[in-house]
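Since the structure is predicted, the reported quantities are computational estimates derived from the model, not experimental observations. Below, chain A is the first sequence line, B the second, and so on; all start at residue 1. Just so you know, these numbers use all the heavy atoms, side chains as well, and skip hydrogens, waters and symmetry mates.
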Amino acid sequence: MKRIRVIPVLSVMGNKLVKTVRFKHPKYLGDPLNAIKIFNEKKVDELIVTDITASKGKKEPNYRLIEEMAGEAFMPLGYGGGIRTQDQAAKVFSLGVEKVILNTAAMENPEIIEAISSAYGSQSVVVSIDVRKDFLGRTRATYCSGTKSTGMNIAELISKCIEMGAGEIILHSADREGTFQGYDLELIRKYSGIEVPFVVLGGCNSLDDMSAAIRSGANAIAAGSYFVYRNNDCRSILINYPGIKNLQSLYI
Amino acid sequence: MNIVIIDYGIGNPLSIKNMLQKIGANSTISNEMHALENADKLILPGVGHFAKGMDNLHKSGLSKILNELVTARKKPVLGICLGMQLMTRWSDEGELPGLGWIEASTRRFNFTDPTVKVPHMGWTDTYFRNPLIQTNRFEELPPRFYYVHSYYVTCKESEEVLCEAEYGNQTFTSGFVKENVMGVQFHPEKSHVFGMEFLRQFISWNP
């Protein structure tokens, strides 16, 4: 039996845990450290924290919060947000983070992928691509919280990132973020053949939906809202994670 | 108990220190001879490239000190991930020989099935073959641990295999033990209660 990683994604702004819908309207949920402690008890496979304002505001990563979060994370931890240089990545690693997640920096300066990958290994560099559909339904790769377009074809962009040393790719369906519409299975099927582990994010609404994403070729499942709200209702905050029996139903 | 996590500029010693602290064990991160000599137990962490790891150990003078402490003075040591691989004689990854504390080598995963991706990354059921690790103490059986690796270790002597796991229909050695030398491919420091229990047993291990 091959276990599939199921990864909650926490968004932070400053020191606050928040959740957005299609990258907008951040809603305050509470304290990220509390959420991490709960996820420890639930034995989550892995955790991703993204600082959703760091790149847009051209700010440095919030090192103090990262250190506190890493100190509580007894599972692999990925961090993204505001990492633009190799030195910043080095600092994030030194605080106890296993993986850095690059978005804006990887698009504007792909050499950073290579620099970090050659120093820390490709398994520690993840590139996240925000996928949006334009009014004609064509998929576009965007970045900087979905505000800028790379103008590149997604397949080319993925190949380029892997060539530079990315060890994992997250395809984030920006149009579905926080909407519970379900994963974009068409998108997953299209890119399932890439040679590094392939993580999908955006739209998760159920275990069945996760299962469909896995059958479509995702190597790991990530979700934000699904793990912080009860019954997919944005009025009811509840940090949650499936029990081992439910997770086992996903494995192939 | 005085545990020293060896700092040689590779890997994530702080995660290990955090985890040890969580189970009530003190540790220090150091590359100083004095600290290493006074340690009750050593941990050799590591993530990344085999040859770079060996190069760092040589340049810092640590390989010489460690050889003395581990092979002559028999200080108990645990290698984690790349740290385990460095204890073998050689690797497919780079030209430099390893520390050679155990008759084993480090090979690259090579699968014909393209859906089996390398690295092996994620949680995998792990089967202990040596009663040194008491599996009945784990919260769930078999215990699962977090792995991330493109290379795996193969031991010459089957009795030195501590545990095994499977990836892409291949069973590989995910831990070995020989006298005072123990290595594991998984990351106990990132494996929740399973890693905590493993490290507790490492702490009480008395080779």
Side-chain angles (χ1 to χ4, degrees), chain A residues 1-7 39-47 67-77 90 92-99 116-126 162 167-169 192-199 217 219-221 243-245 247-248 251-252, chain B residues 7 9-23 29 46-50 52-53 81-82 93 111 114-126 139-140 142-151 165-169 186-196 199:
Chain A
M1 180 185 63
K2 166 104 178 74
R3 293 176 183 275
I4 304 284
R5 287 176 290 145
V6 174
I7 310 169
F39 281 133
N40 272 328
E41 282 164 28
K42 299 192 178 294
K43 302 199 273 277
V44 300
D45 292 339
E46 196 169 325
L47 198 61
E67 184 173 16
E68 284 180 316
M69 292 189 296
E72 293 292 342
F74 300 109
M75 73 295 269
L77 176 66
V92 168
F93 286 128
S94 76
L95 299 175
V97 168
E98 278 70 40
K99 301 178 184 180
I116 301 172
S117 177
S118 57
Y120 293 91
S122 61
Q123 81 294 331
S124 61
V125 189
V126 185
I162 294 173
E168 207 170 349
I169 300 286
S192 62
I194 66 175
E195 65 249 55
V196 299
F198 163 46
V199 189
N219 301 124
I221 293 292
I244 189 76
K245 289 254 156 42
L247 289 173
Q248 274 167 353
Y251 301 152
I252 39 180
Chain B
D7 180 9
I10 206 162
N12 203 340
L14 190 59
S15 294
I16 300 171
K17 187 177 165 63
N18 283 338
M19 186 55 125
L20 288 170
Q21 194 176 329
K22 175 80 179 174
I23 59 171
I29 298 169
V47 165
H49 197 276
F50 187 95
K52 175 148 199 305
C81 194
L82 178 66
E93 189 178 29
F111 297 108
T115 65
V116 182
K117 295 182 182 179
V118 176
H120 164 218
M121 183 187 282
W123 291 77
T124 304
D125 291 345
T126 301
E139 203 175 286
E140 291 167 37
R144 58 182 184 273
F145 296 93
Y146 187 81
Y147 290 80
V148 50
H149 61 125
S150 303
Y151 295 79
E166 190 186 305
Y167 186 58
N169 291 325
F186 54 80
H187 288 273
E189 76 281 13
K190 287 287 159 181
S191 296
H192 290 303
V193 289
F194 308 103
M196 291 175 203
L199 288 171

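Using a 4.5 Å cut-off between heavy atoms, A:Ala73 contacts chain B through both its backbone and its side chain. The contact between A:Glu195 and chain B is made entirely by backbone atoms, counting heavy-atom distances below 4.5 Å. Contacts of A:Tyr251 with chain B are absent, with no heavy-atom separation under 4.5 Å from either backbone or side chain. Heavy atoms of A:Ser94 lying under 4.5 Å from chain B belong exclusively to its backbone. At a 4.5 Å heavy-atom cutoff, the contact between A:Ile244 and chain B is made by side-chain atoms alone. Residue contact with chain B, scored on non-hydrogen atoms closer than 4.5 Å, is absent for A:Lys42. With a 4.5 Å cut-off on non-hydrogen atoms, B:Glu140 touches chain A through its side chain but not through its backbone. Contacts of A:Glu72 with chain B are absent, with no heavy-atom separation under 4.5 Å from either backbone or side chain.
Here B:His192 and B:Phe194 keep their ring centres 6.0 angstrom or further from each other. No close placement of the B:Phe186 and B:Tyr146 rings is indicated, their centers lying 6.0 Å or farther apart.
By the 4.0 Å N-to-carboxylate-O rule, B:Asp125 lies close enough to A:Arg3 to be salt-bridged with it. Look at B:Glu166 and A:Lys2 and you find no salt bridge, because none of the NZ, NE, NH1 or NH2 atoms lies under 4.0 Å from a carboxylate O.
B:Thr124 meets the side chain to side chain donor-acceptor pair (under 3.5 Å) test with B:His120; sequence neighbours excluded. Residues that satisfy the side chain to side chain donor-acceptor pair (under 3.5 Å) test with B:Asp7, not counting sequence neighbours, are absent from this structure.
Per-residue counts of heavy-atom pairs under 4.5 Å with chain A were compared for B:Gly48, B:Gly11, B:Ser15; the largest is that of B:Ser15. Residue with the most contacts toward chain B among A:Glu168, A:Gln123, A:Glu41, A:Lys43: A:Lys43 (heavy-atom pairs, distance under 4.5 Å). Ranked by heavy-atom pairs shorter than 4.5 Å toward chain A, the options B:Glu189, B:Lys22, B:Gln21 are led by B:Lys22.
Within 6.0 Å of the CD atom in A:Gln248, the count of heavy atoms belonging to other residues, nucleotides or ligands exceeds 12.
Between the side chain of A:Ser122 and the backbone N or O of A:Ser117, no donor-acceptor pair lies under 3.5 Å.
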